[in-house]
Amino acid sequence: MLTIERELRQSKEFLMEHDHFLVVSHVQPDGDAVSSTLAVGWLLSCLGKKYVMVNEGPIPKRMGYLWQAEQIRDLSAEPLDRKFDHVICVDCADFKRVGKTKEFFAEGARLLNIDHHPTNDRYGAVNLVVPTAAATAEILFELILYMGLELNEPVATAIYTGLLTDTGGFRYSNTSPKVMAAASKLLEYGVDGPGLSELLLEQMTLPQLRLLTRALNGLQLSEDGKISWVAVSDDDLLATGAVHEDMEGIVNYPRNIQGVEVGLLFKVIDEHAVKVSMRSAGKVDVALVAQSFGGGGHVRAAGARIEGTLDSIVPRVLEQVRLQL
Ligand code: AMP
Ligand code: MN
Ligand code: MN
């Protein structure tokens, strides 16, 4: 039996056999993480199961239009009042990515790991890991169909959102024929494709634009023109009135420069840690670079959280990128 079929069957069994699930996605959730959380919630509600959706922090305001988005509990605002024996993790390449939500996993909790990162280390008791999928939302689309459920517009909108954001608007190399076929079906359920593109990919808030301008002012380029990077700190957020989610997308600018192979964004978390986002034009496997720092991701898009100060981390990351060039 094909791996994917076996994993779909095992996932179905996991969902059918248990009740009262915790559904979690990765820290600082992106469009795919939020959409996948909600798609699992939708699936569980169809099965008549009880579930709680949670993230370590708030979900991006921009995604408030999604069905039940307000139901995703924000642990930074309020803790949960119980622990869970059955947990579904979506879009998390490794266990660390669940962040503080793990405090609400009961001891010996059984995990269903649904993800599309090639660096996924299969930390679940049941794993539905499909590295060829463009987004975790694509896998959920497949799981929903496999389980014989009929989609409706709200869940179609969630899945479309995950596909749209993880493919950069159906432009990145993960935009497979399967993605386009799925998008086509989802549009038939009444998804507002152009409206979502406008909201998620085109529109910017003024603070977001100011943050981008400020960040690009400090853009750096290596001598050979192959690596370009920018850094953003809390001071930049304060000065521009921008919020954390406004940093998303900045990394594309250094990467988009002609001749640049790797674009980097260093986000200073505090005095002790930096989050680095990496984007590749194709030659360099940035997932390998990210993994060497304990992170992960995809060939062309990866990330890692690195302990240390910005000044010490930048040269270390540049060195690892150069080794791959
Ligand atoms: P980002 O730069 O945060 O947009 O992430 C790019 C890709 O790398 C996404 O697919 C992330 O899920 C993945 N990624 C980011 N940070 C990490 C990390 N610390 N560990 C594993 N994967 C990560
Ligand atoms: Mn993600
Ligand atoms: Mn994803």
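Both counts, for ligands and for their atoms, begin at 1 and track the order of listing.
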Protein contact of atom 8 (O) of ligand 1 - nearest heavy atom, named by residue and atom, plus distance: A302 CA, 3.2 Å

Would you please indicate if the ring centroids of F170 and Y160 are separated by under 6.0 Å? yes

Restricting to N/O/S atoms, is D166 within less than 2.8 Å of the Mn ion (ligand 2) or not? no

Name, closest N/O/S atom of D30 to the Mn ion (ligand 2): OD2

heavy-atom search around atom 7 (C) of ligand 1 in the protein gives A301 O, 3.5 Å

When you measure from atom 9 (C) of ligand 1 to every protein heavy atom, which one gives the shortest distance, and what is it? H117 NE2, 3.7 Å

Less than 6.0 Å separating the ring centroids of F84 and H20? yes

Could you check whether any heavy atom of K275 sits closer than 4.0 Å to an atom of ligand 1, since that is the contact criterion I want to use? yes

I need the nearest protein heavy-atom contact for atom 18 (C) of ligand 1: residue, atom name and distance, please. G303 O, 3.4 Å

Short N/O/S contact of H117 with the Mn ion (ligand 3) (below 2.8 Å): no

With respect to the Mn ion (ligand 3), what is the nearest N, O or S atom of D32? OD2

What is the closest protein heavy atom to atom 6 (C) of ligand 1, and at what distance does it sit? R279 NH1, 3.6 Å

Ranked by distance from atom 14 (N) of ligand 1, the top protein heavy atom is G296 O, 3.5 Å

